[in-house]
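Working notes, beginning with the structure itself.
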Amino acid sequence: MVDNVYMMAFGYSLALVSAGSALHALWNVLVKRSGTSDVAFVWVYSAITAPLWLVVLTVGAIWGGLGPAWWAALVSTALHTAYAAVLQRAYSAADLSVVYPVSRGLAPVLVTAVVAPWTGGPSAIQTLALMAVLVGVVLASRVTWRNLTRARGLWAGGAVASCTAAYTLWDAFAVAELHVAVVPYMALSSLAQFVLLTIVLGRRRRELPAALAAGWTRALPIAVLVPASYALVLVAMRFGPPSVVATSRSLNVVFGVIAGVWLLREPFTRRSILGVSMIVVGVLMGAS
């Protein structure tokens, strides 16, 4: 009976993460197509949703209060803002087909390594699953030992993976241990990100209205997809532990490769096919 409940919960988690992965891959493609490394573009898509988050936050405060969400969300703000800035620069330094699989594949490895002292470490099957994901990442990213030190995409993806692991661990703690309500938590975190970026870009404040006018059409889909994709992941964290959720999010790579081939016309080699297949195998092994 317990096993059935666990598998049902994991099934819910995997379904939510899969849907979130598809949306996540799509908005990453749009960030890549924006063609800029300027953090001001992150400010633009934060500004678009700021009024909505302000309304959500106000209604949430009136009806139920925010509880511990107010301070937990501020920590999340710092982590997600760092992630958005690093991601924007990473895509200006290398191809999506390299940065994306490296970042999404390494993140669960980092998460698992951090939580190992509290969980007793991954099981044998989870270890094999992570190894399969890592092998798939290397294959899908087209990185070889000969160009390892010159592979900007590998190091850029590693930086993104570190940021991803950090916010995954914190948000999982906030949802599972502090029992924050997902919607006000996201609202406060997103609104605070807009405020933080406005402060950081304070010296360029005269440029921001022009940046908003010029970039809002490119930023609007991202502004919608970013919170939608991550809301699904936050809900999934109620059903599965962070290491399992992070490993399942490696499915992003599959959707990312498909989107890259379809929308960006990037090459899809036999090595890429093998790499994506290994990632899928790793995810399925982690689910067993």
Side-chain angles (χ1 to χ4, degrees), residues 16-46 48-49 79-108 110 133 136-137 140-143 152-168 171 190 193 215 217-234 236 245-246 248-268 272 275-276 279-280 283:
L16 291 167
V17 172
S18 297
S21 295
L23 298 181
H24 185 278
L26 180 56
W27 75 255
N28 272 257
V29 170
L30 296 176
V31 168
K32 174 65 177 176
R33 292 181 68 176
S34 70
T36 178
S37 63
D38 195 349
V39 178
F41 186 71
V42 181
W43 178 88
V44 170
Y45 63 76
S46 296
I48 290 173
T49 55
L79 298 175
H80 279 273
T81 303
Y83 163 76
V86 170
L87 183 71
Q88 196 74 35
R89 293 188 178 277
Y91 282 146
S92 68
D95 293 338
L96 178 139
S97 59
V98 175
V99 173
Y100 200 78
V102 170
S103 63
R104 305 319 298 180
L106 287 180
L110 296 176
V133 169
V137 164
S141 67
R142 304 193 303 272
V143 173
R152 291 182 300 172
L154 179 63
W155 305 116
V160 175
S162 299
C163 295
T164 302
Y167 77 65
T168 297
D171 289 342
S190 300
Q193 176 175 287
T217 53
R218 290 176 296 157
L220 181 58
I222 301 173
V224 174
L225 292 172
V226 169
S229 64
Y230 199 60
L232 293 173
V233 174
L234 287 176
V245 172
S248 300
R249 291 188 76 193
S250 296
L251 286 171
N252 288 19
V253 178
V254 179
F255 296 111
V257 169
I258 293 173
V261 173
W262 181 33
L263 299 176
L264 301 179
R265 307 302 183 194
E266 294 181 345
F268 194 52
S272 299
V276 172
I279 292 170
V280 174
V283 171

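All values below come from the heavy atoms of this structure, side chains included, with hydrogens, waters and symmetry mates left out.
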### Under the side chain to side chain donor-acceptor pair (under 3.5 Å) test, residues paired with S190 that sit two or more places apart
none
#### Entry: For A85 against V39, the heavy-atom pair lying closest together
CB-CG2, 4.1 Å
### Task
List the atom of S21, the atom of Y100, and the distance in Å for their closest heavy-atom pair.
O-OH, 4.4 Å
### Query
Atom OG1 of T164 and atom CG of L110: how far apart are they, to the nearest 0.5 Å?
9.0 Å
### Message
For a 4.5 angstrom cut-off between non-hydrogen side-chain atoms, does L96 reach R33?
### Response
no
#### Entry: Non-hydrogen atoms of A90 and V99 that approach each other most closely
O-CG2, 3.9 Å
### Task
Starting at OG1 of T49, measure out to CD1 of I222 and round the result to the nearest 0.5 Å.
11.5 Å
### Task
Identify, with sequence neighbours excluded, every residue that meets side-chain contact (heavy atoms from CB on, under 4.5 Å) alongside L232.
L16, A19, L23
### Message
For L26, give me all partners under side-chain contact (heavy atoms from CB on, under 4.5 Å), at least two apart in sequence or on another chain.
### Response
L225, L263
#### Entry: By ring-ring contact (aromatic ring centres under 6.0 Å, His included) - contacts of Y91 (at least two apart)
none
### Query
Sequence neighbours excluded, which residues qualify as side-chain contact (heavy atoms from CB on, under 4.5 Å) partners of S34?
T36, F41, Q88, R218
### Query
Would you call the rings of Y167 and Y83 parallel, tilted or perpendicular, where under 30° means parallel and over 60° means perpendicular?
perpendicular
### Heavy-atom closest contact (V102 atom, A161 atom, distance)
O-CB, 4.5 Å
### Task
Just do the side chain to side chain contact (heavy atoms under 4.5 Å, CB included) check on Y230 and H80 with the steps written out, would you?
CA-CA 11 Å; Y230 199 60; H80 279 273; 3.6 Å; yes
### Query
What do the steps show when you test L87 against N28 for side chain to side chain contact (heavy atoms under 4.5 Å, CB included), and what is the final call?
CA-CA 9 Å; L87 183 71; N28 272 257; 3.6 Å; yes
### Task
Measure across V86 and C163 and return the closest heavy-atom pair with its distance rounded to 0.1 Å.
CG2-SG, 4.0 Å
### Message
The criterion is side-chain contact (heavy atoms from CB on, under 4.5 Å); which residues satisfy it with A231, sequence neighbours excluded?
### Response
M186
